[in-house]
Every structure is written in structure tokens, then in C-alpha cells.
2 protein chains.
Amino acid sequence: MVQKRRRGTELTEAIYQATREILENDGLSALTFPKVATAAGTSKPVIYRRWDSPFSLAIAAVQDKIKLENHGRMDELKLTGTSLRADLSQLLQRFIISMNAFGQSYTNTFFNGMSKQQNEVIQKMIDEATAIDISALNQVLKRAKERGELATTEMSNDLKLLPFEWLRYHLFVNENVSRVNLTALIDDVLIPSYQHATGTPK
Amino acid sequence: MVQKRRRGTELTEAIYQATREILENDGLSALTFPKVATAAGTSKPVIYRRWDSPFSLAIAAVQDKIKLENHGRMDELKLTGTSLRADLSQLLQRFIISMNAFGQSYTNTFFNGMSKQQNEVIQKMIDEATAIDISALNQVLKRAKERGELATTEMSNDLKLLPFEWLRYHLFVNENVSRVNLTALIDDVLIPSYQHATGTPK
DNA sequence: TTCATAAGATACTAATAGTTTCTTATTTTA
DNA sequence: TAAAATAAGAAACTATTAGTATCTTATGAA
């Protein structure tokens with residue numbers, strides 16, 4: 001019988017996929033090299049040679065998925081609404097999709113009881129995401145100002161980040177955010193707050 | 001040499017304390033019975049006899065701390081403000097204190113990559129907390145209505161839960177919430193949203 | 001066809017989780 | 001106060017699994 005060996009991308013992809021499955025089902029604490037090797041149908045040395053810890057493998061596997069499923073980056077979003085309300089809706093819908101691509105399960109996996117060093121890695125990821133969030137929202141505000149819906153675009157970052165953080169929270173606790181919930185957030189919280197913050201009369 | 005043995009509450013407390021220290025320093029994944037035994041200065045069988053998994057020990061240890069440090073339950077809070085703004089501030093300050101009592105560290109420890117079953121346990125804790133949050137906020141709203149600050153107290157639970165979720169999110173990602181941030185949330189988001197939701201003119 | 005590279009099998013060591021048995025300190029109760 | 005019940009702790013053990021070393025050989029490149 002002729003034996004077949006996977007290598008390169010094919011093998012790596014199988015390892016990442018196995019890694020993600022373990023992460024989703026059992027979490028980071030259950031992610032060990034031997035388990036990954038078995039799940040990926042390869043042998044331990046293959047894993048041990050390439051990664052130095054289950055944590056770094058986990059990061060690599062998740063980043064791989066983000067890269068694969070990247071439906072366009074958040075800050076490259078082309079806004080098409082004709083109102084602040086519509087733009088916000090478009091942006092946040094997209095945010096939800098991206099988060100789901102990131103994977104419900106990993107989100108809280110990575111807010112695990114981790115070492116300080118590991119936490120720094122995660123912190124960096126959050127900071128990067130935050131910068132993108134703010135720049136996306138700035139776009140929305142700028143367009144609203146141009147339409148005359150808002151007096152200025154000046155407001156605190158806390159306020160700009162509010163919807164993203166609200167959505168992430170709901171992802172953390174594994175709650176679904178329906179379109180209805182999202183619309184309510186926009187109409188009942190965001191728009192009134194923006195108008196208030198920028199001194200825009202209704 | 002006469003040997004001394006701890007039992008009952010004294011021993012249990014030592015075990016819980018050791019458990020919490022491990023949780024804070026190294027997270028849930030590092031919490032093993034042998035480590036707890038050593039840290040608590042007792043022997044493994046003592047632990048193995050009483051708990052059936054590190055997870056259930058962790059839950060017990062954290063609940064023990066909540067019980068110990070319970071500065072009065074959230075829904076028994078006696079509001080003393082003379083405005084919606086002041087009441088909100090009082091409630092949310094208290095919420096932050098309680099969360100800190102719960103322990104910065106455990107919060108994300110328990111949003112770890114856990115098994116489905118473990119997640120259910122956590123889910124139940126969240127649901128209970130949510131009920132308390134809503135009832136506390138209802139109090140605040142009721143008082144505001146009585147003062148004439150709000151037209152009604154009718155609004156969605158999503159809106160009522162917003163500040164708690166916002167605060168929890170910041171705890172998750174280990175960001176500090178200063179009094180300034182909190183005040184901005186109240187003035188720039190909550191009050192405008194409440195007024196908007198209840199049709200209250202400014 | 002030969003050579004270099006890397007996959008994979010296998011057997012091993014090390015560490016540590018979990019168990020069993022027994023002893024004895026401490027509390028209960030008669 | 002003595003006897004009995006209860007539970008803590010010591011110690012030695014087994015089982016599991018993480019991690020390593022060695023060797024073979026499939027696969028792609030020269």
C-alpha cells in the first residue's frame with residue numbers, strides 16, 4: 001500500500017482546523033499538542049516542531065480563520081445609507097457578521113484566565129480592533145454631518161465605541177442580537193446620544 | 001510534637017482561599033486539585049473527597065467570596081439621590097464595587113473556553129445577576145418618574161441593562177472605568193436615551 | 001536519479017493527575 | 001471521661017498524558 005503524506009498548506013490547514021474544533025468544543029485549557037496531532041491525523045512531532053505552545057497555535061489558527069473568511073475589512077466598508085440611521089445599521093450589521101466570522105466560540109476562549117503575557121497578545125488584538133471601530137464610526141458621523149443630521153462629529157471615544165462594546169458583550173455571553181435589538185439600540189440610544197453630544201436639535 | 005489538624009470551616013476557608021489565589025494568578029486551566037492541596041497546606045484526598053472537579057471547586061470558592069464580601073445585595077440598595085442623575089450614579093458606583101468584590105480576575109476566568117455544561121452554570125449566574133440589575137434600575141426609574149424627570153418608566157430591558165453590560169464589558173477587557181467615564185455615560189447616553197424612550201421633554 | 005526536506009511512526013522519559021490504604025487528631029455521644 | 005464516629009493527613013501507588021529522541025520514508029526540487 002502506497003502511503004500518502006500531506007505537507008505544506010494542506011497539512012497546516014488540517015492542523016488549524018483541528019485546533020479550532022478543539023477550541024470551540026473544549027476551550028483553550030483542553031488544547032494540547034497531542035490532542036491536536038490526533039485530531040488532525042498527524043503525529044506529535046509535527047506539531048511540536050512548528051509551534052512552541054498551545055496558546056500560540058491557537059492564535060495562529062484563529063488568525064488563519066479570520067484571514068480565510070475576511071469579508072473585507074471593517075474600515076474599508078463602503079457606506080451606502082442615506083441617513084445616519086441607515087449608515088449605523090449597515091456598519092453594525094457588518095460588525096456582527098465579522099464577529100461571527102471570528103467565531104462565537106473563540107471570543108470568550110480568549111478572555112480566559114490567561115497569563116499576563118498571553119493577555120498582552122490579546123490586548124493588542126483588542127486595541128487594533130478598537131482603532132478600526134473608531135475610524136469606521138468616524139466615517140458614519142462625517143457623512144451624517146454632511147447631511148446636516150449632526151452639528152459636529154465631536155464626541156468621546158467612549159461614546160463612539162459604545163455600540164461595538166455592546167455587541168461584543170452580547171457575543172461574550174452568547175446572546176443573540178437580532179435586527180430588532182440592533183435597530184432599537186440605534187434609534188433609542190445611539191441617535192439620541194449623538195444628537196445630545198453634538199448639540200444637534202432634533 | 002503534637003500535630004494540629006484544621007477541619008470544618010477553617011479548613012474549607014483555607015482551601016477556598018488557595019483556590020482563589022490560583023484562579024487569580026494562573027486561571028482556571030491551571031487549577032488542579034494537587035496544586036490546591038499544596039497551596040492550602042493540606043493533602044490531596046481532602047480535596048478529592050469533597051469536590052468532583054476543579055471547576056466546581058472554583059465556583060464554590062468564588063461564591064464563597066461573594067458571600068463573604070457581600071456589601072448588601074444590589075437590589076436592596078437604598079437610593080438617596082435627589083435626581084435621576086444622582087441615583088444612576090449611586091447605583092452604578094455600587095455596581096462597580098460589587099464587581100470588584102467579585103474579583104476582576106475571575107470575571108474573565110469564567111468566560112473562558114469552557115464546556116457546554118460549565119457554560120450553563122455560568123449562564124445561570126448571569127441570568128440571576130440580570131434580574132437584579134433590572135430590578136435595581138426599575139427603582140431608579142420609578143423615583144425619577146415620581147420626581148417628574150421622566151414621563152413613564154416604560155422602556156426595553158435592553159436599554160435598562162445597557163449600563164451594566166457596558167461596565168461588565170470594560171471589566172472583561174480589564175479596562176478601568178473612572179468616575180469621569182461613568183459620569184459621561186450617564187449624562188451623554190443614559191439620560192438622553194431615557195428621555196427619548198419615555199417621550200420626556202428636556 | 002539523487003539529494004534535501006519534512007512527515008510520520010514508535011518508543012521512550014518525565015511530570016503530574018488521581019487512587020488506595022492506613023494512621024491518628026478531633027469531635028461527638030454515651 | 002471514655003468510647004466511638006468522623007474526617008484530616010501521610011505516603012505509596014497507578015494511570016494518564018505531556019513532551020522528547022530516534023529513525024524511516026514519502027515527497028518535491030535539483
In whole angstrom, what separates [X]'s [atom1] from [N]'s [atom2]?
| X | N | atom1 | atom2 | result |
| --- | --- | --- | --- | --- |
| A/Phe33 | C/dA14 | CZ | C1' | 17 Å |
| B/Glu10 | C/dT27 | CD | C1' | 14 Å |
| A/Lys4 | D/dT27 | NZ | C1' | 11 Å |
| A/Tyr48 | C/dA9 | OH | C1' | 16 Å |
| A/Lys44 | C/dA9 | NZ | P | 12 Å |
| B/Ile47 | D/dA10 | CD1 | C1' | 15 Å |
| A/Leu31 | D/dT17 | CG | P | 15 Å |
| A/Trp51 | D/dG19 | CH2 | C1' | 17 Å |

Short N-O contact, A/Lys142 and A/Asp87, less than 4.0 angstrom: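 Judged by the 4.0 Å cut-off on N to carboxylate O distance, A/Lys142 and A/Asp87 do not form a salt bridge.
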Side-chain ion pair, B/Glu154 and B/Lys160, N-O less than 4.0 Å: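 Here B/Glu154 does not pair with B/Lys160 in a salt bridge, since their nearest N and O are not under 4.0 Å apart.
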Between CG on residue A/Asn181 and CG on residue B/Asp158, distance to nearest 0.5 Å: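 Separation between the atoms: 4.5 Å.
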A/Glu149 side chain reached by A/Thr200 side chain, heavy atoms, under 4.5 Å: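 When only atoms from C-beta onward are counted, A/Glu149 and A/Thr200 do not touch, as no gap falls below 4.5 Å.
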Most 5' of A/Gly41 and B/Pro54 on DNA chain C, judged by nearest nucleotide: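 Whichever sits nearer the 5' end wins; that is A/Gly41.
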5′-ward residue of the pair B/Arg7/A/Arg50 relative to DNA chain C: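 Going by which nucleotide is closer to the 5' end, it is A/Arg50.
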hbond_proxy B/Arg49 side chain to D/dA7 base (donor-acceptor, 3.5 Å cutoff):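 It does not, because no donor-acceptor pair links the side chain of B/Arg49 to the base of D/dA7 below 3.5 Å.
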Taking OP1 and OP2 of [N], is either one under 4.0 Å from a side-chain nitrogen or oxygen of [X]?
| X | N | value |
| --- | --- | --- |
| A/Arg5 | D/dG28 | no |
| A/Thr42 | C/dG8 | yes |
| A/Thr32 | D/dA18 | yes |

B/His196 and A/Gln195 side chains, donor-acceptor separation under 3.5 Å: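 B/His196 and A/Gln195 do not have a side-chain donor-acceptor pair below 3.5 Å.
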Sugar-phosphate only, base, or nothing, as touched by A/Arg6 at under 4.0 Å among non-hydrogen atoms: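 Here A/Arg6 touches the backbone only, sparing every base.
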